[in-house]
Amino acid sequence: MNKKEIVKALETIAIYLELKGENSFKISAYRKAARALEEDLRSMNQIEHVEDLPGIGKGTASVINELLETGQSSLLEELKKEVPTGLIPLLKLPGLGGKKLAKLYEQLNIIDAKSLQKACEENRIQHLPGFGKKSEEKILSVLKDFGKSPDRFPIAMVIPIVADIEQQLASIKEIDRFAVAGSYRRFSETVKDLDFVIATKKPEVAAEKLLKLKHVSDVIANGETKVSVELIYEYPIGVDFRLVEPHAYATALHHFTGSQNHNILMRQLAKKRGEKISEYGIETENGELITFESEEEFFNHFQLHDIPPELRIGEKETERFKEDVDLISIEDIKGDLHMHSTWSDGANTIEEMALAAMEKGYEYIAITDHSQFLKVANGLTPDQIKQQREEIKRLNSSFSNFAILTGVEMDILPDGTLDFDDALLEEIDFVIASIHSSFSQNRDKIMQRLIHALNNVHVDLIAHPTGRLIGRRSGYDVDLDMLIDVAKETKTALELNSNPNRLDLAPKWLEKAQNKGVKLVINTDAHHELMLEHMKYGIATARKGWVKSETVLNTYSIGELRKHLNLD
DNA sequence: GCCGTTTTCGGCCCGACTGTTTTCAGTCG
């Protein structure tokens with residue numbers, strides 16, 4: 001059994017224990033053990049004694065060892081016999097947790113959604129202790145929408161929603177300051193709901209106005225400090241607003257940004273010092289409440305450097321940020337090396353793209369229109385590439401302190417060959433190779449295609465290496481460890497595509513690539529001048545992978561870049 | 001179930017809201 005399967009088994013055990021209404025610390029012990037395994041970089045056969053990992057003790061170690069030896073867990077098998085499988089999806093219903101479901105199973109023999117609905121309709125639930133008429137009505141109503149809308153939303157889908165909410169919040173005059181928090185602020189790939197922290201001296205008035213926001217379809221909670229609503233855009237999405245007094249804004253923002261596990265780490269840290277963290281501030285031993293102007297000051301209080309939201313994952317950040325951590329930031333970016341113009345499927349001319357890039361303070365861009373194979377995107381023929389070079393030459397002569405590199409995003413064809421021959425590629429400043437076809441080929445064939453491209457001396461970059469679209473398609477079957485190794489051998493860079501639908505490569509692989517000495521390029525793949533703005537999403541993703549600016553080619557000055565690409 | 005410079009028992013992050021109670025359990029983040 002491999003690590004992934006063991007982690008899955010431990011998590012499944014935790015779910016079953018939850019459904020039995022077990023002690024919550026016991027449940028989280030199994031989850032902790034699963035996390036401990038996941039975080040350890042070694043594979044199962046490289047770990048000699050699992051018990052040595054923090055968070056794994058006698059009990060969970062014996063489960064792990066049994067899984068390793070027999071491929072089964074007697075505990076899990078036993079639990080499966082005791083607890084009906086149909087209860088598991090019901091844990092996702094809002095308002096129903098393990099304890100309540102355990103009660104429903106024991107008292108009314110409810111084993112799945114169907115029997116739960118029946119019991120509600122027959123009014124058998126309202127008589128149970130701890131339940132009432134309202135609980136019954138609520139369960140019926142959540143059952144109705146069960147499974148209708150997606151579990152989590154891809155980040156790209158909620159970006160415009162957040163912008164819309166922010167715009168409305170800005171117009172409420174009782175709100176002093178506000179910010180989006182939660183997994184959106186941490187820039188997770190997908191988010192379940194949205195959180196906003198609001199500083200106000202008039203919480204009642206502000207709360208009232210929040211209930212009148214556009215798209216509000218339901219009010220989930222309406223308290224003094226928390227307003228929870230459902231908004232309907234394409235799908236219904238939950239939005240929590242937390243109202244705090246202005247002086248508590250920084251600690252509240254930290255608290256509601258999370259992650260949950262990051263907060264636990266911070267609170268454990270505080271506890272060791274005899275202090276207590278809550279959203280309202282830090283309570284010292286003598287009962288004094290300290291608040292802060294900024295999150296940075298809050299972290300400094302614990303002798304930590306400012307931990308950016310993207311890295312608040314609850315793993316090693318409280319250790320690593322004892323020191324100053326060198327991470328890439330948006331100011332380091334000096335150019336963008338993947339974008340399209342009206343020559344293929346872009347919306348703006350080359351000149352417009354260049355002007356927009358200058359506006360952002362860049363030193364250079366590369367124009368990388370599609371190659372001839374990609375007919376749907378109006379891919380360029382060799383002749384057109386040559387004509388385009390003339391236009392770029394003309395434009396360059398009119399610029400001072402800015403350069404356009406000639407480029408192409410060349411298709412790696414289904415048979416593994418490249419769309420242009422070497423003689424043409426030789427003349428192009430920046431050559432990107434990428435896959436846009438035959439996604440369903442097996443791993444061997446996909447790797448054969450990628451490796452052929454990597455081995456071509458003219459290819460400078462592999463774009464969106466996995467082809468994934470977050471929440472929509474998983475991409476083609478790439479052996480990423482092998483891709484990284486071959487990229488290192490051939491001195492080819494790998495792309496971090498900043499388009500929020502892609503974010504490809506993902507942070508874990510960026511970290512691996514950087515550790516192996518592979519260079520990265522963070523590009524927007526803009527098809528419109530406004531999409532040059534997507535760079536910030538790439539930066540956030542890079543920071544999640546602990547990427548340093550020296551790893552990233554488009555932090556180089558134009559001189560350094562030309563030298564690296566052997567253009568002079 | 002895990003853990004230990006308040007150690008082998010008794011804690012385990014902390015608080016808001018709801019719906020049930022009549023002081024609190026369960027759920028959620």
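Letters A, B, ... are given to chains in the order of the sequence lines, protein chains preceding strands, and every chain is numbered from 1. Computed from a predicted structure; not experimentally measured.
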Has the side chain of A:Thr200 got a donor or acceptor atom that lies under 3.5 Å from a matching backbone atom of A:Glu174?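 Side chain of A:Thr200 to backbone of A:Glu174: a pair is present.
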
Starting from [atom2] on [N], measure out to [atom1] on [X] and report it in whole angstrom.
X: A:Glu51; N: B:dG1; atom1: CD; atom2: C1'; result: 12 Å
X: A:Ile220; N: B:dA16; atom1: CD1; atom2: C1'; result: 15 Å
X: A:Phe241; N: B:dA16; atom1: CZ; atom2: C1'; result: 17 Å
X: A:Gln268; N: B:dC3; atom1: CD; atom2: C1'; result: 11 Å
X: A:Glu136; N: B:dT20; atom1: CD; atom2: C1'; result: 14 Å
X: A:Ile27; N: B:dC2; atom1: CD1; atom2: P; result: 14 Å
X: A:Lys32; N: B:dG11; atom1: NZ; atom2: P; result: 16 Å
X: A:Ile264; N: B:dG11; atom1: CD1; atom2: P; result: 19 Å

[atom1] gap between [N] and [M], integer Å:
N: B:dC2; M: B:dT8; atom1: C1'; answer: 12 Å
N: B:dG11; M: B:dT7; atom1: P; answer: 13 Å
N: B:dT20; M: B:dG26; atom1: P; answer: 14 Å
N: B:dT22; M: B:dC28; atom1: C1'; answer: 24 Å

With rounding to the nearest 0.5 angstrom, report the CD to CZ distance, A:Glu279 to A:Arg242.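 So the gap between those two atoms works out to 6.0 Å.
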
Check whether the side chains of [X] and [Y] place a donor and an acceptor atom closer than 3.5 Å, and report yes or no.
X: A:Glu66; Y: A:Ser74; value: yes
X: A:Tyr249; Y: A:Asp176; value: no
X: A:Ser62; Y: A:Asn65; value: no
X: A:Gln72; Y: A:Thr70; value: no

If you assign each of A:Ser278 and A:Ile56 to its closest nucleotide in DNA chain B, which residue comes earlier from the 5' end?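 Result of the comparison: A:Ile56.
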
Among B:dG19, B:dC2, B:dC14, find the nucleotide with the atom closest to the side chain of A:Ser135.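 So the side chain of A:Ser135 is nearest to B:dG19.
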
Just checking [X]: base, sugar-phosphate only, or nothing, at a heavy-atom cut-off of under 4.0 Å?
X: A:Lys138; answer: nothing
X: A:Ile277; answer: sugar-phosphate
X: A:Lys272; answer: nothing
X: A:Gly258; answer: nothing

For B:dT20, does the glycosidic angle fall within 90° of 0 (syn) or outside that (anti)?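 Because its glycosidic torsion lies more than 90° from 0, B:dT20 adopts the anti conformation.
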
Test side chain to side chain donor-acceptor pair (under 3.5 Å) applied to A:Asn497 and A:Thr541, A:Asp504, A:Asp525, A:Asn523, the passing residue: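 Going through A:Thr541, A:Asp504, A:Asp525, A:Asn523 one by one, the side chain to side chain donor-acceptor pair (under 3.5 Å) with A:Asn497 is satisfied by A:Asp525 alone.
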
Output, in order, the C-alpha distance, side-chain angles, deciding distance and verdict of side chain to side chain contact (heavy atoms under 4.5 Å, CB included) for A:Arg502 and A:Glu495. CA-CA 11 Å; A:Arg502 294 185 181 271; A:Glu495 184 178 63; over 6 Å; no

Nucleotide by nucleotide, 5' to 3', does protein get under 4.0 Å of the base (B), only the sugar-phosphate (S), or neither (-) in nucleotides 21-29 of chain B, counting heavy atoms? -----SSSB

Are OP1 or OP2 of [N] and a side-chain N or O of [X] less than 4.0 angstrom apart?
X: A:Ser28; N: B:dG1; value: no
X: A:Lys271; N: B:dC12; value: yes
X: A:Thr225; N: B:dC17; value: yes

Watson-Crick or G-U wobble mate for B:dC9, both contacts under 3.5 Å: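 Checking every strand shown, B:dC9 finds its partner in B:dG4, with both distances under 3.5 Å.
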
